Amino acid sequence: MTTEFAKAVGPFSAATPVHRASEMFTASTFLNSPDLLVRHESRAAENRGRFAVLERTVVGADWVRARLNPPEHRVTLYGFKGGVGRSTATLMLAKHLADLGLCVLVADLDLESPGIGELLQNTIALPKHGLVDYLVESAVGNQAGLELVSRSEVIKSPGNGEVWLLPADGAPIRPHATDEWSPAKRDYLAKLNRVYTEIPGGPDGPKTLADRLEEALAEAERQVAERSRKPDVTLLDSRAGIHDIAAIAITRLSGFSFLFATDNPHTWTGYRALFEQWRQLTNDRLNNLRQRLRMVAAMVPDSAAERYLSGFRDNAQQCFADTLYDEMSPTDVDAFNFGPEDEQAPHAPLPILFHAGLVGLNHLAAPDWYSSHLIREAYDQFVTTATELIVEEST
């Protein structure tokens, strides 16, 4: 059997490809892994065998580690491809929520390409530390006393509304009063290299990146509550693509996710591949996850919005129907399935109109850019409907 297995696996076979559980030092690590996918299990009483697959991937495992009860007050904004205006939409949504009197925390999870921090806060008003600092210092037990949040001086709302920021990186270091501000002195890249290391565990096993991100968000929320009040909503500006942080944000850290897309074949190929991964989840986890998704049509051309959104809706519905929607019979009223025109469906797009003024925007030269009538109009339907979904989900 060993020879046949090695031949079938080919170059991916180890020197000794077959091991008995009784010969393993910690067989339970493999047999009880949450990532174990059972492909076949015998129903016969006299034969209780099973065939299962455990993909020991370096990247992407968290896409199929969906949490059953993620925090409902947290919301992820994600795009399979970058450059779709996700960070700008995060700012506009945060402002809209704050204008309604809510306390909002925005967390920059795009560690390789941070940007929301600069949009939401003046450089010298950034907190001393950022998310990367917490992830690095918590690995060695030095996280106590880190200042992770600051209230936005850019977004100021009437009434009791507040916007707070957890940036990817903290304020630049200025050792002496006469020194220039210098972001390079923080060694951000050196810290980033240590962020993704899995920490060898204590009695509860290894501390994963997901565990450490959860701790960082909880600490940032605690600091906001200590300085003002508990955040009503935490917005996670996620990394694009199939990155582990994006997986963790959607499947484990947040109770709702907005999926940004433009209507092109590359986008739907990417989302289809991602959704097919989620089909591997157990029924309860799949049902939970797919009910907390909503598509966002980014960069909708104003001159042909209706036609563009019609095509987007059709392609999104087909993508969901091929992957996340149940096959439906006439008598199956409980199936998770939606028609193309259903405005409450996960595939129904929330539109953001394209605005040429946002291309190459210098927010420092135009600090009140987001108050422009045309820009507010471009984001109006998105922020209004997104707020309804967030408030409904949180309550």
Side-chain angles (χ1 to χ4, degrees), residues 58-59 62 76-79 82-83 86-88 90-91 94 105-154 163-199 207-221 223-224 234-249 253 361-364:
V58 176
V59 175
D62 281 291
T76 292
L77 292 92
Y78 166 81
R86 185 196 66 246
S87 292
T88 305
T90 303
L91 179 147
L105 170 63
V106 177
D108 191 349
L109 301 192
D110 195 349
L111 304 186
E112 274 78 7
S113 184
I116 190 65
E118 290 187 357
L119 290 177
L120 281 177
Q121 190 61 291
N122 299 323
T123 302
I124 61 173
L126 286 168
K128 292 181 180 179
H129 308 97
L131 179 58
V132 164
D133 294 299
Y134 187 93
L135 294 174
V136 170
E137 298 301 333
S138 64
V140 291
N142 290 338
Q143 71 273 28
L146 296 181
E147 179 190 306
L148 298 176
V149 299
S150 65
R151 184 171 176 175
S152 174
E153 293 186 351
V154 174
V163 176
W164 291 77
L165 171 69
L166 166 60
D169 193 16
I173 295 174
R174 186 169 64 174
H176 306 290
T178 56
D179 287 355
E180 295 290 330
W181 291 99
S182 175
K185 292 180 180 178
R186 289 185 54 81
D187 294 327
Y188 184 79
L189 292 180
K191 292 181 180 181
L192 190 59
N193 287 330
R194 300 194 291 272
V195 160
Y196 302 108
T197 305
E198 187 172 89
I199 307 304
K207 184 173 286 189
T208 66
L209 177 59
D211 298 327
R212 294 158 62 209
L213 282 169
E214 170 64 42
E215 289 179 359
L217 289 175
E219 174 59 19
E221 290 168 347
Q223 291 187 21
V224 173
T234 297
L235 301 179
L236 310 181
D237 186 23
S238 169
R239 176 87 193 270
I242 60 172
H243 197 275
D244 282 358
I245 286 184
I248 294 165
L253 296 180
L361 172 72
N362 182 348
H363 62 279
L364 297 178

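Numbers here are sequence positions counted from 1. Here the structure is a predicted model, which means the values were calculated and not measured.
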Interatomic distance, L105 atom CG to T234 atom OG1 [nearest 0.5 angstrom]: 4.5 Å

Interatomic distance, CD1@I116 vs CG@L91, rounded to 0.5 Å, equals 5.0 Å

List the atom of L146, the atom of Q223, and the distance in Å for their closest heavy-atom pair. O-NE2, 2.8 Å

Examine distances only and state if a side-chain atom of R212 and a backbone atom of L135 form a donor-acceptor pair shorter than 3.5 Å. yes

To the closest 0.5 Å, what do you measure between OG (S150) and CH2 (W164)? 7.5 Å

How close do P127 and L165 get, heavy atom to heavy atom, and via which atoms? CG-O, 4.5 Å

Nearest heavy-atom approach of R86 to L77 is CD-O, 3.0 Å

Apply the side chain to side chain contact (heavy atoms under 4.5 Å, CB included) test between L166 and each candidate in D108, L217, L236, V106; give the one that qualifies. L217

For the side chain of Y134 and the backbone of E147, is there at least one donor-acceptor N/O pair under 3.5 Å apart? no

Nearest 0.5 Å please: distance from the CD1 atom of I248 over to the CG atom of L209. 4.0 Å

side-chain contact (heavy atoms from CB on, under 4.5 Å) for L131 and L148? Distances and angles first, verdict last. CA-CA 7 Å; L131 179 58; L148 298 176; over 6 Å; no

Start with the C-alpha gap between E215 and S138, add the side-chain angles, then the distance that decides, and say whether side-chain hydrogen bond (donor to acceptor under 3.5 Å, both in side chains) holds. CA-CA 9 Å; E215 289 179 359; S138 64; 5.0 Å; no

Between P114 and Y188 the two heavy atoms that sit nearest each other are CG-OH, 4.2 Å

Are the side chain of S238 and the backbone N or O of T76 linked by a donor-acceptor pair below 3.5 Å? no

Check the pair R239, L109 against side-chain contact (heavy atoms from CB on, under 4.5 Å), reporting the backbone distance first and the verdict last. CA-CA 6 Å; R239 176 87 193 270; L109 301 192; 5.9 Å; no

Can you find a heavy atom in the side chain of D133 that is under 4.5 Å from one in the side chain of D169? yes

Step by step, work out the side-chain contact (heavy atoms from CB on, under 4.5 Å) result for L119 and V154. CA-CA 8 Å; L119 290 177; V154 174; over 6 Å; no

Tightest non-hydrogen contact, residues V163 and A94, listed as CG2-O, 3.8 Å

Please check if the side chain of Q121 supplies one atom and the backbone of E153 the other of a donor-acceptor pair under 3.5 Å. yes

Would H243 and E112 satisfy side-chain contact (heavy atoms from CB on, under 4.5 Å), going step by step from the backbone distance to the final call? CA-CA 10 Å; H243 197 275; E112 274 78 7; 3.8 Å; yes

Closest approach of I242 and Y78, non-hydrogen atoms and distance? N-OH, 4.4 Å

